[in-house]
Amino acid sequence: MAKELTSRETDYAKWYNDLVIKADLAENSGVRGCMVIKPYGYSIWEKIQAELDRKFKETGHVNAYFPLFIPKSYLSKEAAHVEGFAKECAVVTHYRLKNSPDKKGVVVDEEAKLEEELIVRPTSETIIWDTYKNWIQSYRDLPLLINQWANVVRWEMRTRLFLRTAEFLWQEGHTAHATREEAIAEAEQMLNVYADFVENFMAIPVIKGVKSPNERFAGAEETYCIEAMMQDGKALQAGTSHFLGQNFAKAFDVKFANREGREEYVWATSWGVSTRLIGALIMTHSDDNGLVLPPKLAPIQVVIVPIYRGKEDFENVDVVARGIFENLKKAGITVKYDDRDTHKPGWKFNEYELKGVPIRIAIGPKDVENNQVEIARRDTLQKFTVSQIGLTDYIKILLEEIQQNIFEKARKFRDSMITRADTWDEFVQILETKGGFISAHWDGTPETEEKIKELTKATIRCIPLDAQPEEGKCILTGKPSSKRVFFARAY
RNA sequence: CGGGAUGUAGCGCAGUUGGUAGCGCACCUGGUUUGGGACCAGGGGGUCCCAGGUUCGAGUCCUGGUAUCCCGACCA
């Protein structure tokens, strides 16, 4: 037992950390708070990128790239925005090093001080709006629908692999529109794109909603979000889409001439998801044996393990295994044939289980003799034998079934973790014993939300878009409320 | 940024009173093995976090630094 995982029950946080490292997704680096994403983990990110990128383009967006560095003055142009990010910015102050006096290394050359310091982007609204100013003159230039894939830096005090790192990878969409309505429609559209992707590709059920003013993006008029529920009962924000109003247009003086020839400020949105999604993926599906990956994102969908005694056995098994491998590959399935002689089958079984490969096919002499193979499902841990005839179609269907099954399992769990609370005692008790989302009334004031956070560490995760009007009393203050919101402790 | 802990082989750790730096896993070689993390035999691998100090002698004692982890504060 070389790679024993801490169980989820023993220590959920340690289970998560162990899993990220042992499944070879990522590791800590020599730089505080920054991770190395290893090939297996990066491969998942590439699949996320590929599908999202396709969806962005399908909805009319194009990719571009803006600089990593932002002049300090840009950041301060939008008051709420700078307030939100100032405390976590990395700043470049010099542009040259020199040999240290003792010749043992290098030191900053104090003579090479930048006239204007540069901020390493925590997000790109400012540099992008400074650029858009020159791109937009007329209503004919709108809408402007641009996305960029990039890294950003937010100097976090406490970091965790994928969930919160000082540097992370993400995409940020930045759009400009002629009307308020169109911008809001864009923000909502992209929220739906995210929800569709996260549910259908990542098999993570989400709740669509809007943020309370406290949790809103710095500089936004409205922040839409998708919220997911992790196995330990904590919520995780999986994606956000912001309606920015005219805040950035005014800050960066981005105006256009409308059809009547009158000048107007443009309306903006921005939206993003990050490598944090990989953290959500892990904490939604995985178990004490390791990762469980949805087939649509798994770097390896099917692994074939040959079993044999001696050379003759191997040759018989190898012919069959190789045939199956070629057939699956032709059918567009990502399949790996692990014919390494350096590890025993049992070792491989454990390894691929740890790495979350959805389907394992084992082929031994008995199977060759009976024209069958042994199939093992990662999601249910079931094993059974099936005929080699029609195997490719069988696998295709099974992959879809697994995708569906893990989503359903996650959805049932998520639904079971939504609890209504009508009194403060109930609210606190649910939070302490069960966790999850608590559906409760709130009087709508930032002060009350702040107070609840102080008392319980729970925040309003979102005001669900599908919330039904319902008269009630605020869980804390007893003041009137017209609908329920979702509280939870969150990542 | 406050409180606590820990830095010894790639990883996980032991190291007594200051006296030749060890164990497990991993790695390399050979052989036997192969349907749930094989076994035997042999082998390689060290700036004991860094810098000073005490001492005949420091992984061990003292001083300073530094890094990482945990708890808190902070965090769209």
Write down the distance separating the P atoms in B:rA14 and B:rG53, rounded off to the nearest Å. 30 Å
Out of B:rG37, B:rA73, B:rG35, whichever nucleotide has its closest atom nearest the side chain of A:Ala362: B:rG35
What nucleic acid atoms does A:Lys14 come within less than 4.0 Å of, heavy atoms only: base, sugar-phosphate, or nothing? nothing
Can you tell me which nucleotide in B:rC69, B:rA73, B:rG37 comes closest to the side chain of A:Met157? B:rA73
NA contact type, A:Asp341, heavy-atom cut-off 4.0 Å: base, sugar-phosphate, or nothing? base
Using a heavy-atom distance cut-off of less than 4.0 Å, which residues of residues 365-379 of chain A contact RNA chain B? A:Pro365, A:Lys366, A:Asp367, A:Glu374
Before accepting this row, confirm whether a basic side-chain N of the pair A:Arg360/A:Glu353 lies closer than 4.0 Å to the acidic partner's carboxylate O. yes
Check every strand shown and say whether A:Phe85 touches a base, only sugar-phosphate, or nothing at a heavy-atom separation below 4.0 Å. base
By the 4.0 Å heavy-atom rule, please label A:Arg360 as base, sugar-phosphate, or nothing. base
Which listed nucleotide (B:rU34, B:rG72, B:rG36) is nearest to the side chain of A:Arg158? B:rG72
Heavy atoms only: give me the nearest A:Tyr224-A:Glu188 pair and the separation to one decimal. OH-OE2, 3.1 Å
Any side-chain donor near an acceptor of the partner, A:Thr448 and A:Asp443, under 3.5 Å: yes
Kindly write out the residues that satisfy side chain to side chain contact (heavy atoms under 4.5 Å, CB included) with A:Lys208, not counting sequence neighbours, or none if the list is empty. A:Leu191, A:Asn192, A:Ala195, A:Ile226, A:Leu465
Mind checking what makes side chain to side chain contact (heavy atoms under 4.5 Å, CB included) contact with A:Lys366, not counting sequence neighbours? none
Determine the contact category for A:Pro122: base if any of its heavy atoms lies under 4.0 Å from a base atom, sugar-phosphate if only primed atoms, P, OP1 or OP2 are that close, otherwise nothing. base
